[in-house]
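Worksheet for the structure shown next.
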Amino acid sequence: MIRSIVTGTGSALPTRRVSNEELAQQVDTSDEWIVERTGIRFRHIAGPEETTATLAADAAKAAIAAAGLSAQDIDLIVLATATPDQTFPATATKVQAMLGIADCVAFDVAAVCSGFLYAVQVADAMLRSGVQRRALVIGAETFSRILDWEDRTTCVLFGDGAGAMVLEARESADADGRGILATRLHADGRHNGLLYVDGGVSTTGTVGKLRMKGREVFRHAVVNLAQVMEEALGLAGLTPADVDWVVPHQANARILDATARKLDLPAGKVIVTVDQHANTSAASVPLALDTAVRDGRIRENDLIVLEAMGGGFTWGAAVIRF
Ligand SMILES: CC(C)(COP(=O)(O)OP(=O)(O)OC[C@H]1O[C@@H](n2cnc3c(N)ncnc32)[C@H](O)[C@@H]1OP(=O)(O)O)[C@@H](O)C(=O)NCCC(=O)NCCS
């Protein structure tokens, strides 16, 4: 049996870090409101030279180094983003060029905040097919470029960044050995209108700005995330009690708390970075993962569950023996 093993993680953030207080000088909001409703204290905002591709390439370099590989070893790049550098070519190919990889398979996946989970399932399937051997799975975003800075109900919630993971195909006879044990994805397009961007190539011909009915998104998020984690764990023959760490999409601390409570998971097993990074969409899960790997919390052989939900709606979970 071929298994996709995580052999390295990396992340990158824009240089500029913006506090709630700084934001409150431009937007009618307060540190108190943002912290109480969301848990967010800081977000990083990309400067003119920092783009989704540059952040992704920096995260990818760190992941490749952590895996002890060189860029030429990579034969697949799957990059999740809703904020590509250009409409085309795929940002994955820009990252390929920045890494100096002469030949590989490279494409983008668009599932907004669930994009990294979608990318993980796609890369895992390609590795297990036996055709590709070493994949870079990246989530990278510059949501600051699609925020309406006049809309306080959305602009305080998001930030920019990138996270990456190296997956390597290895033969494994151990059903509970290291690697991706199960993935589960969903989409329900009936909810397109609750979280979207009001522009696009084929409609307005503009990039557009993010729009969200936050309270309704919140309501769906807790139910969907708890359900999909249980489904993915069930596919792996496991239960929430087996989990060492949950690495959730970092949208709102209250969603993280409510989801953990629903599954009876102690808060201490949930990796939280939303206070430092805000919601970085497809980057949030790999950024949180890399944070917890580098600070020593997540170690080899830990059982981790990644989960995310985003516009579409789309949502998903992955169970990994790290
Ligand atoms: C967006 C969110 C934080 C709002 O929290 P909430 O408790 O639902 O707050 P509401 O939208 O009901 O707004 C409450 C009040 O705060 C005000 N408010 C909204 N944003 C504010 C801000 N940044 N600063 C100060 N006040 C604000 C509202 O205008 C409203 O005032 P009113 O009662 O006088 O009309 C919350 O709904 C949420 O996190 N939703 C999920 C978002 C999400 O996860 N999206 C990404 C998924 S990928």
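Keep in mind the model is a prediction, meaning the values are calculated, not measured. Just follow the structure's listing: the first ligand is 1, and inside any ligand the first atom is 1.
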>> Salt bridge check, D85 against K94: does any charged N sit closer than 4.0 Å to a carboxylate O?
In response: yes

> Is it the side chain (CB and beyond), the backbone, both or neither of I255 that lies under 4.0 Å from ligand 1, heavy atoms counted?
Replying inline: side chain

> Taking the minimum heavy-atom distance to atom 40 (N) of ligand 1, which of G311, S281, S30, G214 ranks first?
Replying inline: G214

> Which one holds for V112 and ligand 1: side chain close, backbone close, both close, or neither close, with close meaning a heavy atom under 4.0 Å?
Replying inline: neither

>> Looking at non-hydrogen atoms alone, which of M309, M212, R152, R215 comes nearest to atom 23 (N) of ligand 1?
In response: R152

> Counting only heavy atoms on the protein side, is anything nearer than 4.0 Å to atom 47 (C) of ligand 1?
Replying inline: yes

> Taking heavy atoms and a distance under 4.0 Å, where does T29 meet ligand 1: side chain, backbone, both or neither?
Replying inline: both

>> Does the plane of the ring in H191 sit parallel, tilted or perpendicular to the ring in H220? Use 30° and 60° as the thresholds.
In response: tilted

> Is at least one protein non-hydrogen atom found at under 4.0 angstrom from atom 35 (O) of ligand 1?
Replying inline: no

>> Is the terminal nitrogen or CZ of R17 (NZ for Lys, CZ for Arg) located under 6.0 angstrom from the six-membered ring centre of F42 and within 45° of that ring's axis?
In response: yes

>> Please check whether H249 reaches ligand 1 - meaning an N/O of the residue sits under 3.5 Å from an N/O of the ligand, judged on distance alone.
In response: no

>> Only heavy atoms of V156, strictly under 4.0 Å: list the atoms of ligand 1 that pass.
In response: 23 (N)

> Protein heavy atoms: any of them under 4.0 Å from atom 38 (C) of ligand 1?
Replying inline: yes

> Does the N or O separation between N279 and ligand 1 drop below 3.5 Å for any pair?
Replying inline: no

>> Heavy atoms only, cut-off 4.0 Å: how does N252 contact ligand 1, side chain, backbone, both, or neither?
In response: side chain

